[in-house]
Every structure is written in C-alpha cells, then in structure tokens.
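First listed ligand is number 1; within each ligand, the first listed atom is number 1. Remember, predicted model here, so these are calculated numbers, not experimental data. Excluded from the calculations below are hydrogen atoms, water molecules and symmetry mates; all remaining heavy atoms, backbone and side chain alike, are included.
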Amino acid sequence: MYDIPFLDLPPIVGASGTVQLPGSKSISNRVLLLAGLAAGTTTVRGLLDSDDTRVMLDALRALGCLLGRADDGALRVGGLGGRLQVHEADLFLGNAGTAMRPLAATLAVLSTLQGGRFVLRGVPRMHERPIADLVDALRPLGCRIDDLGTPGYPPLSLQGTAGGRLALDAPIRVRGDVSSQFLTALLLALPLAAGTQDVAIEVEGELISKPYVEITLNLLARFGIAVQRQGWQRFTIPAGSAYATPGEIHVEGDASSASYFVALGAIAALGGAPLRIEGVGEGSIQGDIRFVDAAEAMGARVRRGPGWLEVHRGQWPLRPIRLDCTPIPDAAMTLAVMALFAEGTSRLDGIASWRVKETDRITAMAAELGKLGATVSAGDDFIEVTPPAGAWRAAAIHTYDDHRMAMCLSLAACHALLPGRAGDAQPVRILDPRCVAKTFPDYFEALFDVVEATAVPVIAIDGPTASGKGTLAAAVAVALGYGLLDSGALYRATGLAAVDAGLDPEIRPDDEAAVAALAARLPLRFGHGAEAGRTWFTGPRGREITDELRLESTGLLASRVSALPAVRAALHGLQLSFRRAPGLVADGRDMGTVVFPDAELKVFLTASAEQRAQRRHKQLISKGIPASIGALRADLEARDRRDSSRSVSPLKPAEDAQRLDNSGLGIDESVQQVLAWWQARRPFP
Ligand code: DC
C-alpha cells in the first residue's frame, strides 16, 4: 500500500500477466454480518482485507463475536445466534456504507427486542451520506432511533428496553430509488424478528442497483433464509426464519475491482498474451460482472471461465458508448475513463447514485477528466465525455478520499497508446493514493506487476563512501513510492560470492574473468514487504547475507571487485532491470554517469572526510563494533582514491548532477532538498 501524499504513474504502453483480485467488498461485509448473527462458527475464505471490512470486523468484535484464524489463514467467526452479548457499544464505521446501513438496521431491531443502546458513527463524509430512508422505514416498527447530528444522517443512536415488540403486521415500506443498501439492510436485519410471523417489505419507487439486492438474497439463502420475492416490489421473510451457518463460505473476487483490469486489457493488452484476471468470471453473483459486456461493446475482447477472465485489446481506439448504467453504478466509473480512449463522445445515464457515494462522483469525475483535457458535461444523473482534442495535459488527479476515483483515473496513464499520442507521453499524478485501501489495498502494486511502462523515471544518487547516500536514497524512494537500487550491495555481494568460491580476498586482476562470471549470475534474493531490506544468497551456499553485506571487510572486497571492468559489465544488465514502474532511486558511484545516464535527476552527495568518518564511527559503535575515527578516516580516503582513480567508471559527478554537500545537514533536510529538486522537474501544474 502506498501511504504517501502522491504517486506518479509513468506512461503505460502495454499490459499482460495475471492479476489476483481481492475479495468482493459487498460480499465480504454481508458475509461477516451474517456469520456474526448466525448460530455456530463460520469459516470465511477469500475475505477482503481492507478499510471497509476492518471496520465491520471491529464492530463484530465489539458486539462480542469471537474472531479467530484457521491454520490456512481463513477467518473463523463465532456468531451470536441472534442474541445480543453486549448491550452498549459506540461503533466507528469509517466511510463504509456496507457496514453503516446493515448494522443500523440490525442493532435497531435487536435493541428494540432485547434492550441496549448503540451509537454508530463514521468519518465526516459518512455523516454526509443519507440514511433517512432507512430510519424512516424502521421508526414505524417501534424502533427508537435518534439523530446525533444532522437529522437523516449518521451519527445515530439506537436504543430500546428488553422485551420490546416490533410492529410487523403491516408491510415495512422502504424507498428503493436512492440506494439499494436500505433494502439490503432490512433484508439482513429482519430475519431476527421473523420468529412467529412473516415479515413483509415493500419497496416504494423504482428499485435501483437490483444486482446488489440479488447478492443479498443469494447470501441470505446460504445462511438459511429463503426470502420470497414478488417482482422487485415485495419481499417476504417467512415465519420461523433463523440464521444458520453454512459452515464454510468462499468470497468471490471483487467484480468492481476487476473493472480496472478489464479496461486496462481493452486498452493495453496488445501483445500476444492476454491480461488474465483471477477471482471472478462466469457464474459470478455480482452485478458488476456485467461491466464486461459494456467493455466488450467498447471494443475489448474477453474470454471467460469459472473464476477467471482473459482480456485482449480488440477495437482500437475504443468505440464510444451510450449506456443506462443503473445496474452497474460502481463499475460505470471505469467506463467514464475508458471514454477517454474512444473515438467520439460517450454518455452514461442512470448514475444519480454517484452523488451519494464516497464523494459526489459526478462532480469529481467531471473535474478530473477535465484536467486531462477532456470535454465533459454532466447533469443530475448523467455524464458525457469527449476525449481531449488537443494535447493531453499532465494532471495531478484529486481522489476525494474515494478509492474508485484513484483506481479508474490511474488508467489515464495509458494515453500514449492512442494513435499519434506517443509524443505526448506524460506521467499522471494520483494524489492520496492510499484511499484505495478502502477496497483494494494493493491496487497499485497489482497494476505495476502487469504493466509495461515507458520513460520510467530514475533518480541517481552518487557519492563517496559513507556520504549518507544509502540513507538518503532509501528515504527518497519511500517518499515517492519508488523502488530502490543499492548498487554497492551488488558489488559487495559479488565480493562475498568470490570469497565463497575460494578466490583470494585480495582479488587480483587475473581473477577478473572468474569474478565476472560469478557477478553475471549472483544467486541474490531481495526481501519484499515485511522482509524489505533483507538479502539472501540462494543455492548451495544459501544464507541470509544482510549483515555480512554491511561489514567493513565486505566494503573492501567490493572496492576491489568493482575496479574490474568485466565485473562492472557483468552487473550492468542486472542494474538496468531495477528500472520498473513507478520509478527507481539508485545509489552508487556511477548511477548518473554510466548506468542511468538518462536519469531525470542526478544528485552527487558529498560530505567532508571528517564528517563521514564520524558518521561511520557512530554507526559501528552503535552496533557494538569497536572503531577509531582516525583509522576510519584513513580507510575512507584510501577508498575514495581507489574509487576515483580506477580506469572504468571512476567516482565523479555527472556533468548535469546537482551537488549536495550534506556535512552540515540532517537527513530530513537532505531528503527535502532532493524532493524539491524532483518536484521542480515534474510537469504538474
Ligand atoms: O556504496 P558502498 O559502500 O556499498 O559500495 C561498496 C563499493 O562498491 C565501493 O567501494 C565502490 C563500489 N561501487 C562501485 O564501484 N559502483 C557502484 N555503483 C557502487 C559501489
């Protein structure tokens, strides 16, 4: 997950490979609530791990459900069997509509029948998302629901005294034309009240987002509730209904999340291999799977099977589309961005619900597509998009704390694929990329795994030993979400491999061919995620070498092997392979001069020999290694001489390098300086 202020996407020019989708948000939160209410333990596989499911899990835990993990990582939910264990709780539900609405209905019903007081609240935007239609449906039943803020919006308080009754003789009436989540909430909650009589729900107005109601009915059936439906107007929960766990349940991949990759395939899967999407496919119970038909209408070529989709580019540029998007409100946002790649104007109707989602999505979409140069017109329930006629503009895209804005606008990075646009290739900046954590925390990682990008930026940070370039490079890489190449580590590993292979640590020129052969196939493995920063040798002498790499003696070995031209040549390709989307920060001696001469920013970092000796001394002492400043300084100066006097790639600043003497600077100041230089080179307004 990129927890940084912005993420710059380089121009995308191809896509292939396989994406594993995270679990469906809609299914995950419904399953969690049902499992939490049912009698017995439910094992849930494929659950989405995201902000929205985390708030639901926290709420269930607060209500007394027992949550645990099976050996294979599946979640085990011990349900309440319809009986409240906890009668008072204050629940924070973030911005998760799929938690707020069903929990409000459930706790209103349970507190009325069994007694209790519950408060439901969320982030400020949650307090702007209407819930009045649900409250209006519940109050006539005898539920006491108090608005704690603006009437009709969360936060809410739900309370009752034990032994209360619900007025269920008349059908419960709920509006269906603003959000189907109100009906879903009632369908999930009212089986708790259907002990001795049928409970009927009647929908007022035309029901929107029917596919989401189908998911609800489908999952209710899995938990033992057979709702009878008359058209989309009347739903009856039969008397005697009670939740029963299915024992195990598997959550499908998220069909809305699939839409970004279906679109990516339609735009960028232009080689022989398709873009394969695993987690949803034929037979999905999610309505957004119908997005695939719309993508096909725009030109995508899609093959589908059980649990998978394979997408190729077909018609190019895409065909414009005119579509009533009522059945696919979420995935429709992806169509609005695909419209940028169509020849002509596209129009999406039936999207009024966009206005009450994570943000006002119609306004947000119009503003951001406009920034890219598109012509957009929008109304209460439609949006019309015409691709840029003139140049595509480099834009910093606001995401409005809306995961879908971030994910669908990331596709704008494909614009260089349009006929005649290769010359306009520009990065796209996504502000607050962390918002994808709502439903797809690793969205950008998944994207970078399957795209081919061009003009991937490199920041080269060169300088003498102990100048602090490793620390600086690592901090800059974290700040920008870029990868890191510590090229010194490759020379260090080569030195270790040479000694492992029985070569003399002196490493003489006649060892050159043998060492170069080792360098060409270093058995290195770098840690990722929780193992970031750790390094291993695989193979016969396999071991973790993280600490060995940092030894002074290894630095000396590296200094010797790095003077051999054949070794430098052998490591060249490996170093280039680190240049991957979204970007690279590379530190070493010749990053800006030899390996990445086209780096967008080159920094030459220095510090006085005295300062460097002191820093190295402090480092060693803190690790409990005895050291003398005088000896360290002499050693540093000897290495400087060897590194700068060797015939190949001597240590020297690139002509176009920014020089930074950090003798008097703290690490933060150096990082800020480099980031300021970087910002100045970016094309964003
Ligand atoms: O940066 P470092 O201390 O880990 O580098 C170890 C040695 O490797 C150093 O003496 C010089 C050499 N080196 C190099 O020649 N070229 C690089 N790009 C990086 C390191």
Side-chain angles (χ1 to χ4, degrees), residues 458-474 476-477 484-499 505-507 509 512 515-516 518-519 522 524 526 533 535 545-579 584-597 599 602-607 609 611-613 615-617 619-620 627 632-654 657 662:
V458 176
I459 300 178
I461 302 185
D462 289 305
T465 198
S467 56
K469 62 191 184 321
T471 315
L472 175 63
V476 170
L484 180 65
L485 166 60
D486 167 7
S487 61
L490 304 184
Y491 290 98
R492 287 167 181 264
T494 304
L496 288 178
V499 173
E506 281 298 309
I507 315 264
E512 180 161 353
V515 184
L518 292 169
L522 279 179
L524 279 178
F526 297 103
T535 313
I545 57 167
T546 314
D547 292 336
E548 262 174 277
L549 277 180
R550 297 323 312 167
L551 292 174
E552 288 299 294
S553 55
T554 309
L556 200 64
L557 275 175
S559 174
R560 294 195 174 111
V561 301
S562 66
L564 306 172
V567 172
R568 302 200 75 86
L571 288 176
H572 197 84
L574 176 59
Q575 296 178 80
L576 294 182
S577 73
F578 279 76
R579 185 174 198 167
L584 178 67
V585 183
D587 81 85
R589 302 294 188 287
D590 59 346
M591 296 299 98
T593 48
V594 176
V595 182
F596 302 109
K602 301 174 185 176
V603 176
F604 194 81
L605 189 70
T606 54
Q611 266 293 337
R612 292 188 283 139
R615 287 179 192 163
R616 177 69 34 104
H617 183 252
Q619 247 175 24
L620 293 172
L632 285 169
R633 178 172 172 163
D635 206 47
L636 285 173
E637 285 173 331
R639 271 174 61 190
D640 284 356
R641 271 194 300 280
R642 190 167 29 228
D643 290 347
S644 27
S645 64
R646 66 183 175 221
S647 60
V648 280
S649 307
L651 171 66
K652 65 162 201 277
N662 73 357

Taking NZ, NE, NH1 and NH2 as the nitrogens, is one of them in [X] or [Y] under 4.0 Å from a carboxylate oxygen of the other?
X    : Y    : answer
D547 : R550 : no
R633 : E637 : yes
D635 : R616 : no

Which segment of [X] sits under 4.0 Å of ligand 1 when only heavy atoms are counted:
X    : answer
R646 : side chain
R492 : side chain
S559 : both

Evaluating non-hydrogen atoms only, which member of G470, A558, G463 is closest to atom 6 (C) of ligand 1? A558

Who's closest to atom 20 (C) of ligand 1 heavy-atom-wise, of S467, P464, G488? G488

At a 4.0 Å threshold, what atoms of ligand 1 neighbour a non-hydrogen atom of [X]?
X    : value
R639 : 3 (O), 10 (O)
M591 : 18 (N)
R589 : 1 (O), 2 (P), 3 (O), 5 (O), 9 (C), 10 (O), 11 (C), 13 (N), 14 (C), 15 (O), 16 (N), 17 (C), 18 (N), 19 (C), 20 (C)
D643 : 9 (C), 10 (O), 11 (C)
T465 : 3 (O)

Nearest heavy-atom pair of T494 and A519: which atoms, and what distance? CG2-CB, 3.8 Å

Show the nearest heavy-atom pair for residues R615 and A607, with the distance to one decimal. NH1-CB, 4.0 Å

Starting from atom 19 (C) of ligand 1, find the nearest protein heavy-atom neighbour and note its residue, name and distance. S487 OG, 3.3 Å

Is it the case that R639 and S559 place a side-chain donor and acceptor less than 3.5 Å from each other? no

Hey, mind stepping through D590 and R646 against salt bridge (charged side-chain N to carboxylate O under 4.0 Å, His left out) and telling me if it holds? CA-CA 12 Å; D590 59 346; R646 66 183 175 221; 5.4 Å; no

